[in-house]
Protein chains: 2
Amino acid sequence: MHDQNTDLQLRRALQSSGQRFTEQRAAVYRYLAGTDIHPTADEVFLAVRSDLHEISLATVYKSLETLVGCGLAVKLNYSGGSARYDGRMDPHYHARCLACGRVADIPGEVTDSEIHTLSGRAPDFQVIGYSLELTGYCTTCVPEGGLSPIRA
Amino acid sequence: MHDQNTDLQLRRALQSSGQRFTEQRAAVYRYLAGTDIHPTADEVFLAVRSDLHEISLATVYKSLETLVGCGLAVKLNYSGGSARYDGRMDPHYHARCLACGRVADIPGEVTDSEIHTLSGRAPDFQVIGYSLELTGYCTTCVPEGGLSPIRA
DNA sequence: ATCCTTGCAAAGCATTTGCAGTCAC
DNA sequence: GTGACTGCAAATGCTTTGCAAGGAT
C-alpha cells in the first residue's frame, strides 16, 4: 500500500536537502508515519522487510537518520538499550512505562509560556527545543511496592 | 579528601538495601556528588583512578548502577554515545548543547501544578516522575544557520 | 565464616563504517 | 554519466557478564 501523500512529503523533504528519493527510505517512512508504537531500528527493519525483502538493517539505520535530519522523525533515547523513533509530527509528548518499557503518546504540548518560563532560568543558553517525558506505570503494569518520589 | 557526610550518607543508603560499603563505591560517589559536569562512566573512571589506582572500569559501571539503585544518582541518556550520571539530587533540570554535547544544570523545577496538568492528559497511566531537558546551544557554540523550530 | 564485591578479560548489543555494485537524477 | 545510495560484512564503542580472588560484616 503506497501512501501518495506520505511519499510526496518525503520526496519534497529529501529534495530540499539535496538527497534522493528511494524505495527503502519511502518504506521506512511509510511505516514510521503509520504506527504509534515508537519502534526501534530493528523493529522497523522487521516490519519493512515484509515489503522490501532485500533491505538491510544498515540501510534502515541510515534511512532513519536521514528522516531525523529532514525533520520528518524524532529519535527518542532511553536507558533500556536501543533508541526508538517517532514519525508522528503532531504536537505530543511521551509517557514511558518503567515496567514494560512501552512508550505512550500524550496529545497536547507544553505551552509556549511554560517553555519560556523554563528557558528564562537558562541564561547563556539559546533554547531551540525541549524534550519532556513522563515516567510511571501503565495500567497493565501495576506496581506492588510504594511509588518513588517525583524526580527528573 | 574524605567527605564524612557523603560517606555516611552512602553507608546508610547501602545498608538499608543490604549492600556493602566499599572504598570503590565511596570514591565514585564522592566524585559524583562533588561535580556538576555530568560525567560519563569513563570520565568517572579517569577521575577516580587518581585516588584508587587499581579500580577497574567495570567496577565503576557497577558502582554507578548501585548508586542509581539507591536513589543517590540519576542516569541521563543521550543520543551521543555514552550515558551520563548526575549525583546532585537537588531539584533541577538540564539543558543540553546540540553542538558540544555539554549538559548544564538549570536550577528550579517544574511546578507540581504543571506536572498535574501534563499528567491529567494521560489516563490509564500512573505518573511517578518526569524528565525534562532543554536543547539548544551554549554561548561558546554559536550556530551559523537558522534555528530549528521547537519540538519535543 | 559467609557471601558480597572486585578486577580482569571476554562477550554482548546497538550502531557505524568502508567499499564495490547499483540506482536516481 | 555522475554522484548518491544500498547491502554486506567487518569494525567500533559502550556496557555487561562470568568467574576466581579478595574483602566487609
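Proteins get letters first, then strands, A, B, ... in listed order; numbering begins at 1 in each.
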5' precedence on DNA chain D between B/Y61 and B/F21 (nearest-nucleotide basis): B/Y61
Heavy-atom donor-acceptor pair, B/R20 side-chain to C/dC3 base, under 3.5 Å: yes
B/Q24 side chain N/O closer than 4.0 Å to the phosphate oxygens (OP1, OP2) of C/dG7? yes
Note: B/D7-B/R30 ion pair, threshold 4.0 Å (strictly below): yes
Within the structure shown, what part of the strands sits under 4.0 Å from A/T22 by heavy-atom distance: base, sugar-phosphate, or nothing? sugar-phosphate
Nearest-neighbour nucleotide for the A/K62 side chain, C/dT5, D/dC8, D/dT15 considered: D/dC8
Side chains of A/Y85 and A/E43, donor plus acceptor under 3.5 Å: no
Between A/T66 and A/S63, does the side-chain hydrogen bond (donor to acceptor under 3.5 Å, both in side chains) criterion hold? Intermediate values first, please. CA-CA 5 Å; A/T66 301; A/S63 301; 5.8 Å; no
What integer distance in Å separates A/L64:CG from D/dT6:P? 11 Å
A/S82 has its side chain closest, among D/dT25, C/dT15, C/dC25, to C/dT15
Please report, rounded to the nearest Å, how far the P atom of D/dG23 is from the CD atom of B/E54. 10 Å
Separation of atom CG in B/L10 from atom C1' in D/dA24, rounded to whole Å: 13 Å
To the nearest Å, how far apart are A/E23 CD and C/dC23 P? 12 Å
Mind checking the CG-CG spacing from A/L10 to A/L67? Nearest 0.5 Å is all I need. 6.5 Å
Which listed nucleotide (C/dG7, C/dT6, D/dT6) is nearest to the side chain of B/I55? C/dG7
Find the distance B/H53:NE2 to C/dT6:C1' and express it as a whole number of Å. 17 Å
Between C/dA14 atom P and A/F45 atom CZ, what is the distance in whole Å? 13 Å
In this structure, how many angstroms lie between the P atom of C/dT17 and the CG atom of A/L57, rounded? 14 Å
Give a yes or no on whether A/V74 and A/V68 share a hydrophobic cluster (residues Ile, Leu, Val, Met, Phe, Trp, Tyr; joining criterion: side-chain heavy atoms under 4.5 Å apart). no
Rounded to whole angstroms, how far apart are CZ on A/R49 and C1' on D/dG7? 13 Å
Considering only side-chain heavy atoms of B/K75, which listed nucleotide, C/dC8, D/dT16, C/dT5, is closest? D/dT16
On DNA chain C, nearest-nucleotide positions of B/T59 versus A/A41: which is more 5'? B/T59
Starting at the 5' end of DNA chain C, which residue's closest nucleotide do you reach first, B/A58 or B/R25? B/R25
